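Input: a single structure, listed below in structure tokens.
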2 protein chains.
Amino acid sequence: MAKSRSAPRLADVAERAGVSLATASRSLAGREGVSESVAAHVREVALQIGYVANVHARTLAGGATSTVGLIVHEIGDPYFSEIASGVLGVATERGLTVQICHSGRDPGNELHQIRTLIAHRTDAIVIAGSGYTDPALQEESDRVLTAFQETGGRVAVIGRHHLSVDAVLPDNKPAGEVIGAHVLSLGHRRIGILAGSPLLTTVADRLAGIEAALHAEGLSLDDIPVLHTEFTRDGGHAGAEELLREHPDLTAIIALNDAMAIGVLSVLRKHGVAVPGQISVAGFDDVAVAADLAPSLTTVKLPMVEMGAAALTMALKPASARRRRKGTGHQLMARDSTGPVRAR
Amino acid sequence: MAKSRSAPRLADVAERAGVSLATASRSLAGREGVSESVAAHVREVALQIGYVANVHARTLAGGATSTVGLIVHEIGDPYFSEIASGVLGVATERGLTVQICHSGRDPGNELHQIRTLIAHRTDAIVIAGSGYTDPALQEESDRVLTAFQETGGRVAVIGRHHLSVDAVLPDNKPAGEVIGAHVLSLGHRRIGILAGSPLLTTVADRLAGIEAALHAEGLSLDDIPVLHTEFTRDGGHAGAEELLREHPDLTAIIALNDAMAIGVLSVLRKHGVAVPGQISVAGFDDVAVAADLAPSLTTVKLPMVEMGAAALTMALKPASARRRRKGTGHQLMARDSTGPVRAR
DNA sequence: AGCGCTTACGAAAGCGCTTTCACACTCGTC
DNA sequence: GACGAGTGTGAAAGCGCTTTCGTAAGCGCT
């Protein structure tokens with residue numbers, strides 16, 4: 001057997017079926033204008049010789065790629081994999097393939113991924129995850145995406161507002177307010193905040209929400225320690241160590257996402273600190289394992305799957321006026337990791 | 001501004017730069033035979049008008065797509081997202097784009113995803129996750145993949161053996177043996193097993209390992225309850241409920257992956273069963289959160305990231321003799337969820 | 001029998017790119 | 001000062017497909 005003959009082409013199918021390229025193409029596409037008997041024969045021949053249409057040729061000749069791109073910060077992160085799940089659901093439903101790229105939380109790389117997706121002429125691009133507060137970066141991707149849209153591409157983003165594209169905006173600020181109010185209502189005043197990179201808009205928004213809650217109690221973010229590390233378990237781990245060292249009097253720690261909160265819990269367990277006995281811990285997102293931790297994690301549920309689905313649906317809609325959408329909903333999940341302040 | 005003019009083409013760049021298509025192409029590809037001054041000018045023009053080469057046209061004319069495909073059962077599952085992470089690492093290193101598809105643990109869909117990837121003429125396809133014991137399905141994908149290889153495509157699989165392609169084979173059986181021996185060494189004899197779908201080869205392999213450990217103690221799988229549910233948290237949840245109901249005398253539960261073990265822990269917590277006081281729990285894989293659960297989960301670590309990296313590396317190697325590879329390594333992570341049997 | 005009308009199919013153009021081949025040039029050489 | 005060897009550039013073929021347009025056959029009708 002030839003070691004590397006090339007893949008069967010439509011011409012091969014046509015020849016073997018004794019029809020022209022046009023007829024073969026129409027038959028396989030299920031298009032009108034071919035008698036059923038001929039079409040069936042062509043299909044059979046195609047199956048026989050293992051013909052799989054070349055998407056590149058098809059795209060070049062035809063139009064739509066039936067592929068959409070999804071860019072996430074980190075596929076391993078449950079927050080993003082749940083969003084991806086939502087996107088995949090809608091895509092599958094519509095017979096679209098999803099090309100997933102991950103930017104590794106690197107803005108430069110993100111731009112590169114956007115370019116890659118544009119080069120693939122995907123029908124739509126969905127970008128998930130916090131934007132960057134650096135205006136230069138924001139501007140550049142804005143430019144590229146706008147150009148993409150002008151050539152007929154569809155774009156939707158999840159969780160960033162600067163861009164001139166459709167957006168699904170999670171309730172980051174309200175969520176911050178809710179979790180802040182919850183912790184405050186339990187009597188905590190010495191609260192430490194563990195935030196991700198200050199470059200992320202999500203961080204800014206969630207902090208703003210917490211700030212609002214603090215205000216309601218006559219407090220301010222300036223009164224309490226806010227530590228910026230990384231939006232990961234390890235970031236939470238490192239941050240909690242530092243917080244414990246520098247501020248041993250804290251009675252509560254709010255991590256700005258669940259991954260960090262998990263890191264916090266592990267540090268506290270390591271140091272034998274009772275949760276919530278000595279320190280209460282809260283997170284954001286309500287990732288799947290949050291309920292399975294011990295103690296189960298108090299957090300704010302954001303509808304990640306729905307957000308992903310909504311973003312793609314939005315992007316796929318016929319172009320029209322901006323459909324910027326706010327308010328995805330959120331829900332306090334008060335679990336065992338938070339409790340009332342006790343006398344120490 | 002035109003609502004939907006098409007994207008700039010190479011011809012536009014060439015025209016604006018006052019050169020031919022050939023020169024423009026060479027300049028942008030960084031190919032020899034163009035004076036540096038001309039090349040620089042072309043590149044500048046391209047940047048100016050926001051030219052992004054059409055991958056489809058390039059592929060059609062040229063050859064390699066610089067894209068590799070990855071098929072996973074479920075991207076949300078940490079087992080797979082860690083594998084993906086390994087694949088992405090190697091791909092990024094080599095300037096390749098990864099197209100991730102998820103089959104949703106549906107063999108039929110998996111075949112569809114393989115076809116999609118072939119249609120995209122990806123340079124390589126990596127399929128992660130257990131194969132299916134159904135020989136018909138196996139045969140069909142085998143056929144398709146073999147054909148793909150004969151036309152120059154590269155393929156590697158992770159965790160399945162039937163296929164006539166390169167494979168990275170996790171130590172499923174040794175891992176089963178190790179975890180089985182561990183649990184037995186703690187004195188447990190009334191052990192329940194929670195397995196995923198019996199259609200998965202991974203399940204069969206891990207069970208075989210456990211069986212071997214049992215044999216060493218003069219026991220057999222036939223002596224203990226083995227329940228087949230789903231390889232997910234919910235599968236573990238449901239399975240644990242049933243196991244508890246039907247076999248209230250169990251002192252240990254081995255789940256065939258960590259996701260299921262997490263479900264088990266949650267059921268036990270709900271019912272107020274002490275772990276490992278009353279029942280010990282063990283899993284497989286050592287996903288990231290395993291150490292963060294309470295109690296921390298005893299499990300067998302498999303090097304998922306390395307497996308992903310190894311698979312793509314293998315696939316990308318120049319075609320030669322089969323490089324089927326066994327023994328990826330494994331390590332018992334004895335943590336707090338398992339303990340010695342106590343008198344009850 | 002001749003007319004238009006529909007229907008089934010084929011020839012060929014063209015999607016945007018890469019690459020081969022041929023064609024000018026400019027040198028250094030005998 | 002004519003020669004071959006380089007060097008930089010362009011014309012054109014072709015990758016595998018879709019689609020427009022044209023044509024031939026089949027049909028009912030007058």
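It should be emphasised that the depicted structure is a prediction, and the values quoted were computed from it without experimental measurement. Each chain gets a letter, A, B and so on, in the order its sequence line appears, and its residues count up from 1. Note that these values count all heavy atoms, side chains included, but never hydrogens, waters or copies made by symmetry.
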Of the listed C/dT18, C/dG16, C/dA11, the closest approach to the B/Asn54 side chain comes from C/dG16
Closest of D/dC15, C/dC17, C/dC9 to the B/Ala57 side chain is C/dC17
- Is there a donor N/O on one and an acceptor N/O on the other, under 3.5 Å, for the side chain of A/Arg26 and the base of C/dG10? yes
Picking from D/dG14, C/dA11, D/dT9, the nucleotide nearest the side-chain atoms of B/Ala61 would be D/dG14
Over 60° means perpendicular and under 30° means parallel, so tell me whether B/His120 and A/His56 are parallel, tilted or perpendicular.
perpendicular
Regarding the side chain of A/Ala53, the nearest nucleotide among C/dC17, D/dC17, C/dG10 is D/dC17
Walking DNA chain C from its 5' end, the first of A/Val38 and B/Arg9 to be reached, judged by nearest nucleotide, is A/Val38
Quick note, A/Leu21 side chain, CB onward, closest among C/dC17, D/dT20, D/dT18 is D/dT18
To the nearest angstrom, the CZ-P distance between B/Arg121 and C/dC17 comes to 20 Å
From the candidates C/dC17, C/dG10, C/dT20, the one with an atom nearest any side-chain atom of B/Tyr51 is C/dC17
Checking C/dT18, D/dG16, D/dG10 against the side chain of B/Ser25 (C-beta onward), the nearest is C/dT18
query = According to a strict under-4.0 Å criterion, is A/Thr59 in side-chain N/O contact with OP1 or OP2 of D/dC17?
reply = no
Here the distance between atom P of D/dT19 and atom CG of A/Leu60, to the nearest Å, is 13 Å
ask   = So what does A/Arg31 touch, heavy atoms closer than 4.0 Å: a base, only the sugar-phosphate, or nothing?
value = sugar-phosphate
Out of C/dT18, C/dG10, D/dA11, minimum distance to the side chain of A/Val19 belongs to C/dG10
Can you find a side chain N or O atom of B/Thr23 that sits less than 4.0 Å from OP1 or OP2 on D/dG10? yes
The nucleotide from D/dG10, D/dT18, C/dT18 with an atom nearest the side chain of B/Leu10 is C/dT18
